[in-house]
Amino acid sequence: MSEIRLKRIDDYRWEITPFGGMRVPGIIYSSERLMKGLEKDESPKQVANVAHLPGIVRYSLAMPDIHWGYGFPIGGVAAFDLQNGIISPGGVGYDINCGCRLVATKLKYDDIKDRLEKLVTALFRDIPTGVGSTGVLKLSPKEERRVLVEGAQWAVKNGYGTAEDLEATEDGGRIEGADPDRISARAMERGRDQVGTLGSGNHFLEIEIVRDIYDDKVAAAFGLEKDQVAIMIHCGSRGLGHQICDDYLVRMMKQVNKLGIQLPDRQLACAYVQSEEGQDYLAAMACAANYAWANRQMLMHWTGETLQRALQVSPRDLGMRLVYDVCHNIAKIEDFTIEGAKMRLCVHRKGATRAFPANHISRKVARLKAVGCIKG
DNA sequence: ATGTCC
């Protein structure tokens with residue numbers, strides 16, 4: 001990465017001046033302290049690689065969570081022109097529509113502080129967790145297709161949550177254009193019994209306490225106050241999204257080879273947005289996105305039921321309310337005005353959440369077993 | 001991220 005020159009723009013922006021085949025500059029949003037952590041990291045090189053891709057508009061961007069990922073860096077954001085630009089599964093990520101959901105409650109820390117182990121144990125018992133975990137539902141192919149098309153709206157329609165939850169979810173928990181006919185039988189099979197499961201890696205479901213208020217107005221708007229109990233859920237589209245990513249990487253790589261498209265990294269396999277492969281991927285990606293939103297909606301609902309049972313409180317006294325559900329692994333067709341010109345772009349955003357692994361729950365449970373709080 | 005190798 002000797003060719004990478006990082007030019008400081010201001011306190012929080014660093015520019016990679018174009019070199020070689022870069023079509024646009026790269027910009028990394030980061031503090032000086034975080035930048036030091038990137039000195040031996042390949043992710044700035046990945047920002048530069050993305051800048052090579054056809055149809056990229058203005059910049060190859062990276063958010064402060066930048067670190068090494070598949071093809072694009074995690075934290076990478078890039079928009080491509082709809083006429084001559086590309087779409088790339090590596091710009092979305094393996095876990096399509098992975099995201100976070102913050103849920104507020106009416107409880108205060110004092111209401112739960114003596115029962116934390118009981119709560120964690122109950123949640124671990126009720127929420128399927130870990131690699132390959134399966135849920136309580138086995139969807140028929142017909143029902144699974146509904147999940148893929150309707151997303152969190154399917155979940156609410158089937159008793160998991162309320163219309164208010166959908167209002168607090170990005171895109172209402174449903175992205176348009178999903179077509180189950182464009183995903184593989186294997187992806188369908190893997191999705192069949194994993195809806196309503198947390199997964200592994202850095203996925204988590206945790207009990208949180210509002211420790212500090214930094215901005216009174218924002219806190220009031222979100223209905224958050226000091227010492228309030230909240231829940232954060234971080235998860236995605238499980239084996240289904242992973243399989244869709246795999247399937248389309250293979251298909252796009254074949255096409256890249258066939259067309260002789262030159263890429264700085266084979267992990268940047270992509271297709272023109274307007275091509276058959278590009279359109280199929282968008283429709284397949286939307287299926288996984290909707291599956292992930294249904295997944296988070298169901299997990300939130302079950303969390304509420306578990307907390308009600310464990311604390312012996314009514315739904316009204318628990319007062320669960322979705323603050324917001326925002327996803328961080330997705331590509332969207334969106335309208336922008338750039339230098340006065342209206343443009344429709346294919347925007348990739350590939351994010352991450354702080355490392356607070358689901359395995360943390362496993363470790364916690366191991367400790368609970370060790371001190372005799374739970375059996376088995 | 002992922003039935004971390006169909």
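Keep in mind it's a predicted model, so treat the numbers as computed, not measured. In what follows, every chain begins at residue 1, and chains take the letters A, B, ... in the order their sequences are listed.
For A/Asn202 and B/dT4, the CG to P distance is 18 Å, given to the nearest whole Å. Remark: P of B/dA1 and CG of A/Leu240 are 17 Å apart, rounded to the nearest angstrom. Regarding A/Leu249, its CG atom lies at a distance of 17 Å from the P atom of B/dA1, rounded to whole Å. A straight line from CD1 of A/Ile330 to P of B/dA1 spans 17 Å, rounded to a whole angstrom. Here the C1' atom of nucleotide B/dT4 and the CG atom of A/Asp95 are 14 Å apart, to the nearest Å. One interatomic measurement links the two molecules: CZ of A/Arg186 to P of B/dC5, which rounds to 12 Å at whole-angstrom precision. Here B/dC5 presents its P atom at 11 Å from CG of A/Asp246, a figure rounded to the nearest Å. Regarding A/Asn97, its CG atom lies at a distance of 17 Å from the C1' atom of B/dT2, rounded to whole Å.
A search for side-chain contact (heavy atoms from CB on, under 4.5 Å) contacts involving A/Lys36 returns A/Glu32, A/Glu39, not counting sequence neighbours. Scanning for salt bridge (charged side-chain N to carboxylate O under 4.0 Å, His left out) contacts around A/Lys157 gives A/Glu150, with sequence neighbours left out.
For A/Ser237 (side chain) and A/Ile96 (main-chain N/O), a donor-acceptor pair under 3.5 Å exists by modelled atom type.
Contacts of A/Gly239 with the nucleic acid, taken as non-hydrogen atoms under 4.0 Å apart, involve only primed sugar atoms and P, OP1 or OP2. No contact: A/Glu189 has no heavy atom under 4.0 Å from any strand.
Taking side-chain N and O atoms only, A/Arg238 has no distance below 4.0 Å to OP1 or OP2 of B/dA1.
Centroid-to-centroid, the aromatic rings of A/Tyr29 and A/Tyr12 stay 6.0 Å apart or farther.
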